[in-house]
Amino acid sequence: MNHSLDRQHFRCLDKEDPLAGFRERFCMPDEVIYLDGNSLGPLPRSAPGRAAELIEKEWGEGLIRSWNTHGWVNLPTRLGDKLAPLIGADNGEVLVCDSTSVNLFKLAAAALGLAPGRQTIISEQGNFPTDLYMLEGLESFSASPARLRTESRENLLQAIDGDTALVVLTHVHYKTGALWDLAEVTRRAHGRGALVLWDLSHSTGALPVDLNQAGADFAVGCGYKYLNGGPGAPAYLFVARRHHGQLDNPLSGWFGHAEPFRFEERYRPATGVGRMQCGTPPVIAAALLETGMDVVLSADMRQLRRKSMALGQHFIDLVAAHCPEFRLASPPRPELRGSQVSFHHEQGYAIVQALIERGVIGDFREPDILRFGLAPLYTRYIDVHDAVMALAEVMVSRAWDQPRFQRRAAVT
Ligand SMILES: Cc1ncc(COP(=O)(O)O)c(C=O)c1O
């Protein structure tokens, strides 16, 4: 195959790309091909200015007055309302707060309270570990006798029965990118009287999600992946309006109180989704998340999804042509994948390290998965081409086969 001609074709695709202009809105080092925005989104160009404004003016000059004058106190609900259209939620159904892990715990515990007589929480074997760990914690923590049961993807739907209180699933699987049919699973679970909590960490900002059209109950997700909120950005949670008023937040901190600044002795929950807050919001981190969300909110999600599917298909085709030793770990059909492609290789860790040394940043997930995130707002078609060519070079030269690439860092 003539690579230079091929490369030209990818250049043309970039020229025709209606989303091409979005890349400018992020800081992206020239020498890097960044395929890890599914783990940590890049820095929005507007973030440093916003951080400086917040720190120097709102905090430095406004001091404590800024809780009122700059609306810090309303950040969780204001940003929640802003995020809502990205996930098919209405105003007043979303909060930006806490971490995904904490939000999952709060909602799972609260959901059990809506399902008297039912004890089982069903999740998927191989779901993202924090989801399972938090549910395991809930099992031993909760006064109610919650029982976690994990099922294979194939058996999961049949396992939902009259004892199932809640189904907890990650919409786009973190390793393989496999996509659950959110509406269909929700319908099947409801048909058996169970509630559903979706982890949208790998979905929001990467593909259209419509929670209310699906009749979904609860959702959580990360702010630092496709929403580009920065490392450790606050997460979000969704509660369908019909459940407001009946949910008991197990972490009943003062920000979930109806009137926190009355300093009442006893907890009295807020009426809406606000009751799912716990403590003081991380104002600086939330303001940075807003800059990342703003970029996503100005994109057309259908265009984004089309490009994401095309990038994935090109990646898979190029790997099949140039690196046939890799076995696809993601669903081959684009409509069944999120915005990433993953491959199995027993030397996956070392190969990813050798790629990173060449400026192609993907990541590795145990036991043998190479993961490449394809965020359509800043990933170009040419990046896909060049990344796979770098992968082919690493394989042909056996560049990965060096002791320094075997040493595991704390974060893989
Ligand atoms: C599906 C999923 N859920 C949750 C998390 C992380 O949650 P937290 O932000 O609480 O660490 C991740 C992180 O990669 C994830 O992939």
Side-chain angles (χ1 to χ4, degrees), residues 35-42 76 79 83 87 95-109 121 123-138 148 150 153 156 166-180 182 185 196-207 209 211 216 218-238 251 276-279 281-282 285-286 288-289 292-293 329-330 337-342 352 361-366 369-375 409-412:
L35 303 178
D36 217 359
N38 52 327
S39 217
L40 176 67
L79 293 192
L83 184 86
I87 55 175
L95 277 183
V96 166
C97 62
D98 297 322
S99 64
T100 304
S101 306
V102 170
N103 286 336
L104 187 124
F105 181 87
K106 290 185 294 186
L107 288 182
I121 300 177
S123 192
E124 182 183 357
Q125 287 163 4
N127 194 357
F128 189 78
T130 208
D131 297 34
L132 301 179
Y133 299 162
M134 295 310 281
L135 297 173
E136 211 180 293
L138 181 59
L148 171 63
T150 54
R153 209 171 176 88
L156 194 132
L166 182 68
V167 179
V168 179
L169 288 174
T170 300
H171 183 215
V172 174
H173 195 278
Y174 79 104
K175 275 191 195 174
T176 64
L179 187 64
W180 282 103
L182 190 148
V185 173
V196 189
L197 195 171
W198 290 102
D199 183 337
L200 300 177
S201 291
H202 293 270
S203 311
T204 308
L207 50 131
V209 176
L211 290 170
F218 311 107
V220 295
C222 294
Y224 47 77
K225 298 179 186 293
Y226 295 105
L227 293 176
N228 317 299
Y236 51 91
L237 64 80
F238 158 86
L251 304 182
M276 297 314 291
Q277 292 187 71
C278 183
L288 292 184
L289 170 60
M293 275 169 43
S330 301
R337 277 198 312 269
S339 205
Q340 72 182 62
V341 287
S342 308
V352 166
I361 303 181
D363 63 20
F364 172 78
R365 289 294 174 262
E366 294 286 356
I369 298 240
L370 299 93
R371 210 171 60 145
F372 300 102
L374 303 167
V411 176
T412 62

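Because the structure is a prediction, the values reported are computed rather than measured. Residue indices begin at 1 and follow the sequence shown. We count ligands from 1, going down the list as the structure has it; atoms in each ligand are counted the same way.
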Inset, instruction - Taking T150 for its side chain and S123 for its backbone only, find out whether a donor-acceptor pair lies under 3.5 Å. - result: no
Legend entry - Spacing of NE2 belonging to H202 relative to OG1 belonging to T176, to within rounding of 0.5 Å: 10.0 Å
Legend entry - Test item: D131 side-chain N/O and P129 main-chain N/O as donor-acceptor pair under 3.5 Å: no
Legend entry - Side-chain donor/acceptor of S339 to backbone N/O of A375, under 3.5 Å: no
Legend entry - Contacting atoms of ligand 1, where contact means under 4.0 angstrom from a heavy atom of C222: 5 (C), 6 (C), 12 (C)
Legend entry - Taking atom 7 (O) of ligand 1 as the reference point, the nearest protein heavy atom with its distance: T100 CB, 3.5 Å
Legend entry - Worked check of side chain to side chain contact (heavy atoms under 4.5 Å, CB included) between H173 and S342: CA-CA 11 Å; H173 195 278; S342 308; over 6 Å; no
Legend entry - Exam field: side chain K175 to backbone R365, donor-acceptor pair closer than 3.5 Å: no
Legend entry - A235 touching ligand 1 at heavy-atom level, < 4.0 angstrom: no
Inset, instruction - Select one of side chain, backbone, both or neither to describe which atoms of V102 lie under 4.0 Å from any atom of ligand 1, heavy atoms only. - result: neither
Inset, instruction - Please work out whether the ring planes of H171 and W198 are parallel, tilted or perpendicular, with thresholds of 30° and 60°. - result: perpendicular
Legend entry - Atom indices of ligand 1 within 4.0 angstrom of D199 heavy atoms, with elements: 1 (C), 2 (C), 3 (N), 4 (C)
Inset, instruction - Pick one of side chain, backbone, both or neither for how T130 approaches ligand 1, counting any non-hydrogen atom pair under 4.0 Å. - result: side chain
Inset, instruction - Report yes if some N/O of K225 lies less than 3.5 Å from some N/O of ligand 1; otherwise report no. - result: yes
Inset, instruction - Among all protein heavy atoms, pick out the one at the shortest distance from atom 16 (O) of ligand 1; state its residue, atom name and that distance to 0.1 Å. - result: H202 NE2, 2.7 Å
Inset, instruction - List every atom of ligand 1 that sits less than 4.0 Å from any heavy atom of S99, numbering the atoms from 1 in the order shown and giving each element. - result: 10 (O)
Legend entry - Residue selection (non-hydrogen contact nearest atom 15 (C) of ligand 1) among F105, Y224, F128: F128
Inset, instruction - Kindly confirm or rule out an N or O of Y174 lying under 3.5 angstrom from an N or O of ligand 1. - result: no
Legend entry - Contacting atoms of ligand 1, where contact means under 4.0 angstrom from a heavy atom of D131: 3 (N), 4 (C)
Legend entry - Y226 and N38: CA distance, side-chain angles, deciding distance, side chain to side chain contact (heavy atoms under 4.5 Å, CB included) verdict: CA-CA 6 Å; Y226 295 105; N38 52 327; 3.2 Å; yes
Legend entry - Flag, side chain of R371 to backbone of Y174, donor-acceptor distance under 3.5 Å: yes
Inset, instruction - With heavy atoms only and a cut-off of under 4.0 Å, state how S101 meets ligand 1: side chain, backbone, both or neither. - result: both
